[in-house]
Amino acid sequence: MFSLKMEPLPESFYARDTVLVARELLGKKLVRREGKNGVSGLIIETEAYRGEEDLACHCRAGKTPRTEIMYGPAGRAYVYLIYGMYWLLNIVTEGDGSPGAVLIRAIEPLEGVEIIADRRGGQPRRNWTNGPGKLSRALNIQGDLNGTNICSPKGLLYITEGEHIHPEIIETGPRVGLESVPEPWRSKAWRFMVNYEKLKGA
DNA sequence: AGCACGATTAACT
DNA sequence: GTTAATCGTGCTC
């Protein structure tokens, strides 16, 4: 039986305020398709990066070859390499010409757990996908996915409805790793997390 | 052309 | 708590 919940979220979901999209992505299901294999997880942590004025956003440098994707239509993957070895997955938000993106920081594995276990071998389960570089390793997300349209049902990467998250188990705080970023951007509470222990207990 | 550094992670002491 | 790994990007010369 075909389920509407399997449909990727439409571009209109992402073409809204970046901070709102970051919050609403909690509980959604991130799906990576690789041939006949599928790996997925529930999004449990995100961060918003919005506009050229946000000195933590790569867009602070304006439109460059790297940031160009964030100036285009919403619902595309912005994937970039950091520290020469970790790929980080973002989803482009806002409208054409208004740059912004949501960093996916952590997921809870749902499907393809054996594949994830292989790729994250040697690590305890709780450390499989609890960081942006780790989840990219688990889902085989690399630079070739930069620019991918994540609204396509046949795509290599997309997001569907997942679980409803009760507001009481959502936590917020400053974004991670911005020690050298000036205020007020360093302290903006644009990080959103699901308290997963409470989620499982619910 | 050269350089400093980063939205991180894992392995150290 | 501390630190190495490793390279694309944006800025300076």
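No hydrogens, no waters, no symmetry mates; every other heavy atom, side chains included, goes into these values.
- With C:dT6, C:dG10, B:dA10 as the candidates, the nucleotide lying closest to the side chain of A:M85 is C:dT6.
- Listed nucleotides: B:dA10, B:dG6, C:dG10. Nearest to the side chain of A:P65: C:dG10.
- Here the separation of C:dG1 from B:dA7, taken at their C1' atoms, is 22 Å to the nearest Å.
- Rounded to whole angstrom, the span from the CG atom of A:L103 across to the P atom of B:dG6 amounts to 16 Å.
- Taking the 5.5 Å centre cut-off and the 30° plane limit, the aromatic side chain of A:Y49 is classed as stacked on B:dA7.
- Taking all atoms of both residues into account, the shortest heavy-atom contact from A:E52 to A:C59 is CG-O, 3.2 Å.
- Comparing A:R120 and A:S180 by the nucleotide of DNA chain B whose heavy atom lies nearest to each, the residue mapping closer to the 5' end is A:S180.
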Base-pair map of DNA chain B as dot-bracket, where | denotes pairing with a different strand and pairs are Watson-Crick or G-U under 3.5 Å: ||||||.|||||.

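- The pair A:R76-A:E11 meets the salt-bridge criterion, since a charged nitrogen lies less than 4.0 angstrom from a carboxylate oxygen.
- Backbone-only engagement by A:R66 is indicated by non-hydrogen atom pairs under 4.0 Å involving sugar-phosphate atoms exclusively.
- A:A138 approaches A:R119 most closely through the heavy-atom pair O-NH1, 2.9 Å.
- A:E94 approaches A:A74 most closely through the heavy-atom pair O-CB, 3.2 Å.
- Put simply, the side chain of A:W185 gets close to the backbone of A:E53: a donor and an acceptor are under 3.5 Å apart.
- Using bins of under 30°, 30° to 60° and over 60° for the plane-to-plane angle, the ring pair A:H166/A:H164 lands in the perpendicular bin.
- Note: CH2 (A:W87) to C1' (C:dC7) measures 10 Å, nearest angstrom.
- Computed from coordinates, the A:Q142 CD to C:dG8 P distance equals 13 Å when rounded to whole Å.
- With A:Y158 as the aromatic partner, A:R33 does not meet the cation-pi criteria of under 6.0 angstrom to the ring centre and within 45 degrees of the ring axis.
- The distance from atom NZ of A:K63 to atom C1' of C:dG10 is 17 Å, rounded to the nearest whole Å.
- Regarding contacts with the backbone of B:dT8, a side-chain N or O of A:R105 is found under 4.0 angstrom from either OP1 or OP2.
- Nearest nucleotide to the side chain of A:L81, out of C:dG8, C:dG10, B:dA7: C:dG8.
- Atom pair A:K134:NZ and C:dA5:P shows a separation of 20 Å (rounding to whole Å applied).
- At the heavy-atom level, A:N90 lies under 4.0 Å from base atoms of the strands shown.
- A:E68 places its CD atom 19 Å from the P atom of C:dG8, with the value rounded to the nearest Å.
- Atom P of nucleotide B:dA7 and atom CD1 of A:I91 are separated by 18 Å, given to the nearest angstrom.
- Distance CZ (A:R175) to C1' (B:dT8): 17 Å, rounded to an integer number of Å.
- Ring-base stacking between A:Y83 and B:dT8 is satisfied, the centre separation being under 5.5 Å and the plane angle under 30°.
- The two atoms that bring A:Y14 and A:V92 nearest to each other are CB-O, 3.7 Å, heavy atoms only.
- Side-chain N/O atoms of A:H58 include one lying less than 4.0 angstrom from OP1 or OP2 on B:dA7.
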